[in-house]
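Accompanying notes for the structure given below.
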Amino acid sequence: MDRIKIIGGQRLSGTMPISGAKNAALPLLIASLLTSDRLTLKNMPNLADVALLARILRNHGVDHLIEGKRAQPNVHVGETYHLTARDIVDTTAPYDMVSKMRASFWVLAPLLARCGEAKVSLPGGCAIGTRPVDLHLQAMKALGAEIDIDAGYVVAKAPKGLRGNRIVFPKVSVGATHAALLGASLCRGETVIDNAAREPEIGDVAHCLIKMGALIEGIGTSTLRIQGRDRLEGATHTVLPDRIEAGTFAMVVAATGGDVVLEGAKRSLLDTAIDALVQTGTEVTDTPTGLRIVRNGHHIEPISVETQPFPGFPTDLQAQFMALMTRAKGTSVIRETIFENRFMHVQELARLGADIHLHGDTATIKGVRQLKGAPVMATDLRASVSLVIAGLMAEGETMINRVYHLDRGFERLEEKLSACGAQIERITG
Ligand code: EPZ
């Protein structure tokens, strides 16, 4: 298994290219099931999760061709996927696939809309929580599907197809909102989704569905109104930049100190996280093509945050912000309100000398003068990158094991960081 070796203490300078958003690329790949025409997706990130989902979709009958361009050092060239689901050859998503790639559970809605049936394995829990799917099933039932659970599978039927309805989510869910949107776009009648998630990735998928022929209003708000169609066409869509990658790199620079331009980053996708970062003493300014992040000598101010659905502070940046706070000049508090077990990084940060105390959903971080490098273990995608941030700040060598977690969500991370002066390398095998 690959490991990543970091020698901490380097200030960073230069440019980091931001890739296309993983959490838009995944549902956009799944949207290809909704049409027999070709769906072309540009600026796709070269990530393990994206490649795996494309392979899983092949089982359902989605042919895909990747127009890869040779990656140049420090220049992000997104990949172009041409996807065609001429016929759906299998409406079952098996356990061994869904358990590896939980977003593949999201094929439920398009398979139901296109074929009137689907048998999809329940995804099960993961490191950060139990990850239930009850809201997904609520949405499918509202759109007219009969849902049974049998031997760990969701067995869904809509022999006459889905039909529009009102869906009122009792809590905000990104995945369930994607499911409702995908299902409502290929069905008869109008659907209104109340308490919809407002993450930018949902807006990106909605804009793609509009290009495919769906009529969608209220993008960016918590009420979406969709006029479904009985057929959707092919389209070409460019994936929006990854706000979590951009926010992560901004926190890297805040942690190490330096002056870096995040090429392609968009402030509007990251307002709350940038506000918190600026309060810690980091400067964030807009450039014509991205964001410039500067921290020159100013100490790290302790700032407390609470994760919330968009536009609040993103849960996917919580571990990264905690790594930054380990070296703040004082005490900060981080409350995780989205997932019930998203503090797996705490015990690993403690191995580097961080002083963090947990009380239920709240972590209290007492800034320390210095972190010391040590071997640590990645446990989930965003926790693993928080260890990279801490390692870049620590004195001496940090070795991060199980970096396959990193590869799921960060494209060429060590290349992008070392191009800006970080002493970081991947040790394969
Ligand atoms: C999406 O996961 C993202 N994944 C997650 O990013 C992200 O952390 C999360 O949204 C929140 O922003 C993708 O987009 C592929 P939710 P999702 O449904 O859809 C509960 C990453 O690191 N819930 O918004 O699974 C759930 O348990 C990943 O890139 C139900 O109770 O998240 C959680 O407490 C990690 N019932 C809360 O809602 C349901 O049916 C929010 O979950 C569904 C969810």
Side-chain angles (χ1 to χ4, degrees), residues 19-31 45 47-50 52-53 56 98 100-109 120 122-142 147 149 154 167-182 193 195-205 222 239-240 242-248 269-270 272-273 307-320 335-342 344-345 361 378-386 405-411:
S19 302
K22 167 180 85 83
N23 289 352
L26 298 177
L28 284 166
L29 284 172
I30 290 172
L47 297 170
D49 269 12
V50 171
L52 175 55
L53 182 57
I56 290 173
V98 179
K100 281 198 202 86
M101 156 42 69
R102 49 177 310 107
S104 59
F105 179 77
W106 298 359
V107 301
L108 175 66
V120 179
L122 286 165
C126 75
I128 63 176
T130 53
R131 311 295 293 274
V133 291
D134 56 308
L135 301 177
H136 295 244
L137 304 185
Q138 174 203 331
M140 294 305 103
K141 285 178 192 161
I147 302 281
I149 306 291
V154 174
I167 299 168
V168 184
F169 284 126
K171 72 185 287 188
V172 171
S173 160
V174 169
T177 303
H178 278 306
L181 197 52
L182 292 168
I193 306 171
N195 203 19
R198 296 171 53 196
E199 272 65 8
E201 293 73 31
I202 288 174
D204 206 43
V205 172
S222 52
V239 182
L240 86 170
D242 194 320
R243 63 192 168 100
I244 302 303
E245 183 191 30
T248 299
L269 304 178
L270 269 173
T272 310
T307 63
Q308 286 296 334
F310 192 88
F313 190 95
T315 176
D316 292 347
L317 287 176
Q318 177 258 103
Q320 298 90 315
R335 186 161 171 253
E336 172 56 61
T337 71
I338 307 291
F339 290 109
E340 68 269 29
N341 187 36
R342 203 168 197 174
M344 303 284 279
H345 41 287
D361 65 2
T379 51
D380 61 88
L381 170 54
R382 307 306 179 179
S384 50
V385 82
S386 83
H405 289 294
L406 266 179
D407 298 335
R408 293 185 47 213
F410 293 97
E411 183 179 348

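In each ligand, atom 1 is the first atom listed, and ligand 1 is the first ligand listed. Only a predicted model underlies this, so the values are computations on that prediction, with no experimental measurement involved.
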Check: Side chains of F169 and I167: does their closest heavy-atom pair fall under 4.5 Å?
Finding: yes

CD (E245) and CG (L317) are apart, to the nearest 0.5 Å, by 11.0 Å

For V133, the ligand 1 atoms with a heavy-atom partner under 4.0 Å come out as 39 (C), 40 (O)

So for K171 against ligand 1, with non-hydrogen atoms under 4.0 Å, the contacting part is side chain

Check: Is there a side-chain contact between F410 and R382, using heavy atoms and a 4.5 Å cut-off?
Finding: yes

Side-chain donor/acceptor of T272 to backbone N/O of P311, under 3.5 Å: yes

The protein heavy atom nearest to atom 40 (O) of ligand 1 is L135 N, 2.7 Å

task = Look at the aromatic rings of F105 and H136 and report parallel, tilted or perpendicular, splitting at 30° and 60°.
result = perpendicular

Residue, atom and distance of the protein heavy atom nearest atom 8 (O) of ligand 1 read D316 OD1, 2.6 Å

In this structure, atom 18 (O) of ligand 1 is nearest to the protein heavy atom S173 OG, 2.7 Å

Restricting to heavy atoms, the pick from R342, Q138, R408 nearest atom 35 (C) of ligand 1 would be R342

Q: Taking the side chain as every heavy atom from C-beta outward, state whether T248 and I244 have any pair of such atoms under 4.5 Å apart.
A: yes

Among non-hydrogen protein atoms, atom 4 (N) of ligand 1 lies closest to N23 ND2, 3.8 Å

Inset, instruction - Taking the side chain as every heavy atom from C-beta outward, state whether V133 and P123 have any atom pair closer than 4.5 Å. - result: yes

Nearest non-hydrogen protein atom to atom 26 (C) of ligand 1, with distance, is F339 CE2, 4.2 Å

Atoms of ligand 1 under 4.0 Å from any heavy atom of G175, numbered from 1 in the order shown, are 18 (O), 19 (O)

Tell me whether T315 has any N or O atom under 3.5 angstrom from an N or O of ligand 1. no

(Q) Any salt bridge linking R342 with D316? Criterion: basic side-chain nitrogen under 4.0 Å from a carboxylate oxygen. (A) yes

So the atoms of ligand 1 within less than 4.0 Å of a heavy atom of R131 turn out to be 2 (O), 17 (P), 25 (O)

re atom 33 (C) of ligand 1, the protein heavy-atom contact at minimum distance is I338 O, 3.4 Å

Return a yes/no value for I128: is any of its N or O atoms, backbone included, closer than 3.5 angstrom to an N or O of ligand 1? no

- Would you call K22 a ligand 1 contact, heavy-atom distance under 4.0 Å? yes

The atoms of ligand 1 lying under 4.0 Å from a heavy atom of L381, numbered in the order shown, are 22 (O)

Should E201 and K22 be marked as a salt bridge (Lys or Arg N to Asp or Glu O under 4.0 Å) after you check the CA-CA gap, both sets of side-chain angles, and the distance that decides it? CA-CA 9 Å; E201 293 73 31; K22 167 180 85 83; over 6 Å; no

Mark the output for W106 as yes if a heavy-atom distance to ligand 1 is under 4.0 Å, and as no if none is.
-> yes

Within the 4.0 Å heavy-atom cut-off, what T130 brings close to ligand 1 is neither

Could you check whether any side-chain N or O of D204 sits under 3.5 Å from a backbone N or O of A24, counting only pairs where one atom can act as donor and the other as acceptor? no

| Is the shortest heavy-atom distance from the side chain of L381 to the side chain of I128 under 4.5 Å? | no

In this structure, CG of L26 is separated from CG of L53 (nearest 0.5 Å) by 5.5 Å

Numbered in order shown, the ligand 1 atoms found under 4.0 Å of a heavy atom of H136 are 40 (O)

Any heavy atom of V174 under 4.0 Å from ligand 1? The part involved is both

Regarding ligand 1, does L26 bring an N or O atom to under 3.5 Å of one of the ligand's N or O atoms?
no

- Any donor-acceptor pair under 3.5 Å from Q138 side chain to V168 backbone: yes

The closest protein heavy-atom partner of atom 36 (N) of ligand 1 is D134 OD1, 2.7 Å

for atom 29 (O) of ligand 1, nearest protein heavy atom and its distance come out as R382 NH2, 2.8 Å

With no hydrogens and no angle check, just 3.5 Å: does a side-chain donor-acceptor pair link H345 and Q318?
yes

Notebook entry, point to check: Judging by distance only, is a nitrogen or oxygen of R102 under 3.5 angstrom from one on ligand 1?
Noted result: no

Is it true that P132 lies under 4.0 Å from ligand 1, counting heavy atoms only?
-> yes

